[in-house]
Number of protein chains: 2
Amino acid sequence: MTNFSTRPLYIQVRDALAERIALGEWKPNTTVPNEMDLARGFGVSPGTTRKALDLLESEGIVTRRQGRGTFVNDPAAPELASRYSHFHSAAGERVIGEIKTLEVTEAKASEDERERLRLARDEKVYRLARIRSHRGKAFLMEDVVLPVALFPELPERNLASSGLTVVASAYGLALGKAVESVSPGTASLAAAKALHVEEGAAVLVLDRVILTRDGRPAEWRVAVCKTNDMRYKVQSA
Amino acid sequence: MTNFSTRPLYIQVRDALAERIALGEWKPNTTVPNEMDLARGFGVSPGTTRKALDLLESEGIVTRRQGRGTFVNDPAAPELASRYSHFHSAAGERVIGEIKTLEVTEAKASEDERERLRLARDEKVYRLARIRSHRGKAFLMEDVVLPVALFPELPERNLASSGLTVVASAYGLALGKAVESVSPGTASLAAAKALHVEEGAAVLVLDRVILTRDGRPAEWRVAVCKTNDMRYKVQSA
DNA sequence: AAGTGGTCTAGACCACTCA
DNA sequence: GAGTGGTCTAGACCACTTG
C-alpha cells in the first residue's frame, strides 16, 4: 500500500481492514491474519500494521490476545446490547430487559421526528410501541422511531422486537455515539397501567438519539420508566 | 532506567513522569523536556518514551502538540470543572453552576457515609449544604460529604464553595471515575423553597460518588434538582 | 516447538510552530 | 532554520497459547 493520499498510512490500513471486516471477509469470533502476513499483504512495515490493529481494538472492532491472535468482535454480541442502556439491577449488572412490542406502524415522519432524525420532508419512519421487562416485571415503556431508509422492511424481517444493536448488525450498520436526556415526570394513565404504578407516580422520562458510527441518526426513543427495582446509573471516566 | 521489575518499561516511564508532574517538577501549562532528552534521561529508547507520553496524553495528564511540545494539563482548569456534571444549558454547553454554600459542619461519619465513602469507624467527614445556580437561577440543592482525612481543614482553607476538581487540585489529589445514580422524586418543602418550585413538584434526585484516580472515594453527594431551564444529558460512546 | 501478539530498540524522514 | 511531535521502517527478543 503506497502512500498516495495525505492521510497517515496506518489510518489507511485501519480503514481497509475495517472495510474488509464489514464486508464479511473475516467473520465475527474468527481471527484475521497475523501481523506479518497483513504487513506483507499491504506492503507496509509490521509497526504500521500494529498501529492500525491497535486502533481497531480501541474502537472495539477487534480484540487482540497474546499468543492467540486478533479476533473480530461480534457486533450483535449480547454484552454489547446494553451498550446504550444505563439501567442496572439491584445486583449491579447492566440490564437491557426483555422487549415486548405492542404496535408497529409506518408513517411519514412528523416535524419532531424529522428534526431529531435529520430527515428530509416526506421521508418515512417506523414507530414502535414497546414495553421492557426485567425478570417478568415491566419497568419501561418506550416509543421508538426508526428511519425506514436505514432499516427497510424491518417488520417483515421480524426485527421489531430486537434491540438496536442487533437490528443495526442485521443491516450491516455500525453504531456510534448516543445522547440521552433525562428528566423527571409523572406517570400518565397509560404508563401507569403498563408499569403497574399509580397514575401520577414519579417516573423518569428518557429522550435518546443513537447515531451510526458515521454520524447519521438511527433511532429516536422516548421512554417512561419506574426505578423501583432498577437503578439508572451514569458512569463518568 | 534498567528494567528490573516485571512491568513494561513504558509503564514505568509513564509512572515516573506522572509522579514528577504530581510533585510539581513541571508546572501546568508548561512543557516537559522533549522526547530525545527524556529518553536519554531515562536511558530508554525514544520509542519507549513516546509510548509513555502517548499513555499520559490518553489519561488527560498532558497534551501533545506537534511543533510545540508536550504540555502539562492544569487539573484545576475550568473546562475540567464540569467533568462530572451532566447538566447542559438550553444552548447546549455543559454547566457546572455557581456554588453557594449554606452550611458547613464537621462530624463523625454516619453509617451511610461510612459505607459510601468506605470509611473506618470514628472517621470524620465534612458536610456541606449547597445551592447551585445558573445565570442567577437556583436549579440544584445538594448535600455533599467529604472525608476529613482526604481534605483536612477544608473550611479554613476557604474551599467549601469550590467544586471538587479545584479542591482536589489544591490537595494534590487526582480524580478518577464517578458513578451517579438518577431517580425521580418530588420536591420537599425545603427543596421547593430553595429551587422556587411548588412542594411536590417532579424533580431529579442524583446520588453520586467520585473516586480518586487510585480508587478512594473522595465525595458523596445527594442532590435534588429541577430541569426547567436545564437538561440532564448522558453521552454514550 | 511453533506461532501469536507485546515490548523495545535505533534509526529515518515529514509536518508543524515559532523566532 | 532550528526544534518539536507524528509517521514509518526493520529488525530483535519476550510472554503467552496451543498442539
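For the numbers below, each heavy atom of this structure counts, side chains included, while hydrogens, waters and symmetry mates do not. Every chain is numbered from 1 and lettered A, B, ... according to where its sequence line falls, protein lines coming before strand lines. Small disclaimer: the values here were computed from a predicted structure and weren't measured.
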Checking side-chain contact (heavy atoms from CB on, under 4.5 Å) between B/Val144 and each of B/Leu128, B/Val125, B/Ile99, which is the one that passes?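 Of all the options given, the one that passes is B/Leu128.
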Measure [atom1]/[X] against [atom2]/[N] and give the value in whole Å, please.
X: A/Leu9; N: D/dA10; atom1: CG; atom2: P; answer: 12 Å
X: A/Leu53; N: C/dG5; atom1: CG; atom2: P; answer: 8 Å
X: A/Met36; N: D/dA10; atom1: CE; atom2: P; answer: 10 Å
X: A/Phe71; N: D/dT17; atom1: CZ; atom2: P; answer: 11 Å
X: A/Ile11; N: C/dC14; atom1: CD1; atom2: P; answer: 20 Å
X: A/Glu35; N: D/dC8; atom1: CD; atom2: P; answer: 16 Å
X: A/Leu38; N: C/dG5; atom1: CG; atom2: C1'; answer: 12 Å
X: A/Leu55; N: D/dG6; atom1: CG; atom2: P; answer: 14 Å

Considering just the side-chain nitrogens and oxygens of [X], establish if one lies under 4.0 Å of OP1 or OP2 belonging to [N].
X: B/Thr48; N: C/dT9; value: yes
X: B/Arg65; N: D/dT4; value: no
X: B/Ser45; N: C/dG11; value: no
X: B/Tyr10; N: C/dC8; value: no
X: B/Asn34; N: D/dT4; value: yes
X: A/Lys51; N: D/dC8; value: no

Would a distance-only check, ignoring hydrogens and angles, find a side-chain to backbone donor-acceptor pair under 3.5 Å from B/Thr101 to B/Ala160?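 Checked: pair present.
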For the pair B/Tyr232 and B/His86, name the ring-plane relationship: parallel under 30°, tilted 30 to 60°, perpendicular over 60°.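 Ring orientation, 0 to 90° scale: tilted.
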How about B/Lys51 and B/Leu9: do any of their side-chain heavy atoms sit closer than 4.5 Å?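 In short, these two side chains do not touch, never coming nearer than 4.5 Å.
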A side-chain contact here means heavy atoms from C-beta on lying under 4.5 Å apart; do B/Leu175 and B/Arg83 qualify?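 They are in contact (side-chain heavy atoms under 4.5 Å apart), so the answer is yes.
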Please tabulate, one pair per line, each protein N/O and nucleotide N/O from nucleotides 15-19 of chain C that are separated by under 3.5 Å, including the distance.
residue	atom	partner	partner atom	Å
C/dA15	N3	B/Gln66	NE2	3.1
C/dC18	OP1	B/Arg68	NE	3.1

Can you check whether any acceptor in the base of C/dG6 is under 3.5 Å from a donor in the side chain of A/Arg50, or vice versa?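 Indeed there is one.
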Six-ring centre of A/Tyr84, A/Arg221 cation under 6.0 angstrom, axis tolerance 45°: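 So A/Arg221 doesn't make the cation-pi contact.
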Centroid separation B/Tyr126 to B/Phe151 less than 6.0 Å: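 For B/Tyr126 and B/Phe151, the ring centres are not under 6.0 Å apart.
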Counting any heavy atom closer than 4.0 Å, what does B/Thr31 reach on the DNA or RNA strands: base, sugar-phosphate only, or nothing?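 No contact at all - B/Thr31 keeps every heavy atom at 4.0 Å or more from the nucleic acid.
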